[in-house]
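Remarks on the structure that follows.
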There are 2 protein chains.
Amino acid sequence: MTDATPFRLQDFLPYLLNHAAEEVGQGFGRIYKDRYGMLRTEWRVLAHLGQFGPMDATQIGTMARVHKTKISRAVAALQAKRFVTRDTVDEDRRRARLCLTRAGQAAYADLAAIALEHDRALAARLTPDEHAVLLRCLRKLGRDLPTP
Amino acid sequence: MTDATPFRLQDFLPYLLNHAAEEVGQGFGRIYKDRYGMLRTEWRVLAHLGQFGPMDATQIGTMARVHKTKISRAVAALQAKRFVTRDTVDEDRRRARLCLTRAGQAAYADLAAIALEHDRALAARLTPDEHAVLLRCLRKLGRDLPTP
DNA sequence: GGGTAATGGTTGTATTTGTAACCAACAACG
DNA sequence: CGTTGTTGGTTACAAATACAACCATTACCC
């Protein structure tokens with residue numbers, strides 16, 4: 001074993017991943033923040049409900065791999081904005097079925113369209129091939145995100 | 001324009017990137033946290049000094065794209081751990097030259113070795129080709145990280 | 001049924017982070 | 001020189017996060 005450590009921070013995957021995620025996330029982040037005063041978890045909850053329909057907090061947390069306290073507070077914020085409603089479900093009165101309001105759906109539609117455009121702009125910085133490989137790699141590295 | 005939005009959160013690059021970064025970052029994060037009680041920025045400062053030698057806070061901040069207040073606090077924490085020293089430089093007495101102590105170098109050597117191993121384990125989950133493309137993509141997506 | 005455990009969700013508190021204001025040293029210009 | 005503007009760095013305060021403790025309800029099991 002040689003004494004020189006060949007470790008290079010600039011090639012360290014966690015470092016690069018984090019940088020790219022921050023950089024890329026910030027771009028879209030400013031949008032939902034400026035337009036709706038939302039935090040990232042709020043956007044995610046909104047997106048999940050918009051995409052998969054009514055769910056309870058635990059389902060969202062499982063799918064998005066977000067801790068329940070974060071979900072709880074995000075839901076509270078979205079309720080305050082009149083973007084979601086909660087109905088306690090009768091079969092199990094611990095659970096609450098979260099639903100987008102009209103306004104919530106509108107916000108989701110608005111943001112989803114921008115997100116799509118944003119995503120296309122990002123993809124345009126890569127070749128189609130690179131893009132495909134990138135998605136595959138990211139899915140391999142993060143645990144798979146379950147769908148409903 | 002059709003009414004159905006083809007936006008899919010599971011394919012949204014910022015989302016995937018963030019997931020992968022969190023997942024991957026947590027693995028190594030637990031190590032420097034458990035072993036040395038360090039936060040991420042502290043590890044980064046340590047790594048920069050270990051790799052590039054003495055620098056001042058601004059240089060590190062520029063290279064790592066980290067805000068100066070975060071650097072400032074990380075340096076304070078590293079000083080408290082006796083991992084770095086600060087010498088005010090004579091030509092410009094606002095600047096402080098940051099230097100790893102013996103103990104700091106040892107911690108860096110320890111962590112760098114683990115990081116390297118960790119990185120190899122991650123790379124092993126991808127084909128060599130995928131790995132190469134991934135690094136290229138991440139560099140394209142995040143702004144380039146300047147070297148000294 | 002009645003006790004115990006597990007689950008869905010919220011709240012409290014300690015850390016961590018972001019933002020802005022700040023101080024000291026240097027630079028530039030009259 | 002002074003006075004004004006920059007730059008390196010720290011501090012103060014607000015916002016956000018993590019972690020643990022906590023209710024309420026349901027499930028299990030004797």
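Please read these numbers as outputs of a predicted model, since none were measured by experiment. Keep in mind that the numbers below use all heavy atoms, side chains included, and drop hydrogens, waters and symmetry copies. Naming: A, B, ... by sequence-line order, numbering from 1 per chain.
- With hydrogens and angles ignored, the 3.5 Å screen pairs a side-chain donor or acceptor of B:D119 with a backbone N or O of A:L13.
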Could you go over nucleotides 22-28 of chain D and give all protein N or O partners under 3.5 Å, atom names and distances?
{"unit_1": "D:dT25", "atom_1": "O2", "unit_2": "A:R94", "atom_2": "NH1", "d": "3.0"}
{"unit_1": "D:dT26", "atom_1": "OP1", "unit_2": "A:R93", "atom_2": "N", "d": "2.7"}

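- Salt bridge annotation for A:D87-A:R97: absent, with no cationic side-chain nitrogen under 4.0 angstrom from a carboxylate oxygen.
- Using a 4.0 Å heavy-atom cutoff across all strands shown, A:A76 reaches no nucleic acid atom at all.
- Atom C1' of nucleotide C:dG8 and atom CE of A:M63 are separated by 18 Å, given to the nearest angstrom.
- For the pair B:E42 CD and C:dT16 P, the interatomic distance rounds to 8 Å; values are reported in whole Å.
- In this entry the distance linking CD of A:E22 with C1' of C:dT17 reads 11 Å, nearest Å.
- For the pair B:R95 CZ and C:dC23 P, the interatomic distance rounds to 23 Å; values are reported in whole Å.
- Note on ring orientation: taking the six-membered ring where Trp is involved, the planes of A:W43 and B:F7 are tilted (angle from 30° to 60°).
- Rounded to an integer number of Å, the gap from NE2 of A:H67 to C1' of C:dT7 is 13 Å.
- Comparing A:R73 and B:I71 along DNA chain D, the residue whose closest nucleotide (by nearest heavy atom) sits nearer the 5' end is B:I71.
- Between B:R40 and the phosphate of D:dT17, there is no side-chain N or O to OP1/OP2 separation shorter than 4.0 Å.
- Between B:L39 atom CG and D:dT17 atom C1' the separation is 12 Å, expressed in whole Å.
- Side-chain atoms of B:E130 come within 3.5 Å of backbone atoms of B:T127 as a donor-acceptor pair (strictly under, hydrogens ignored).
- For C:dG18, neither phosphate oxygen OP1 nor OP2 lies less than 4.0 angstrom from any side-chain nitrogen or oxygen of B:T69.
- A:R139 and B:D11 are joined by a salt bridge, as a carboxylate oxygen and a charged side-chain nitrogen come within less than 4.0 angstrom of each other.
- Nucleotide C:dT10 holds its C1' atom 12 Å from the CD atom of A:Q79, rounded to whole Å.
- Look at A:T58 and you'll find a side-chain N or O under 4.0 angstrom from OP1 or OP2 of C:dG9.
- Applying the salt bridge (charged side-chain N to carboxylate O under 4.0 Å, His left out) test to A:R35 and every residue at least two apart in sequence or in another chain returns A:D110.
- Taking the charged nitrogens against the carboxylate oxygens, B:R65 and A:E22 have no contact shorter than 4.0 Å, which rules out a salt bridge.
- Atom C1' of nucleotide D:dA16 and atom CZ of A:R44 are separated by 15 Å, given to the nearest angstrom.
- Residue A:K70 places none of its side-chain N or O atoms closer than 4.0 Å to OP1 or OP2 of D:dA16.
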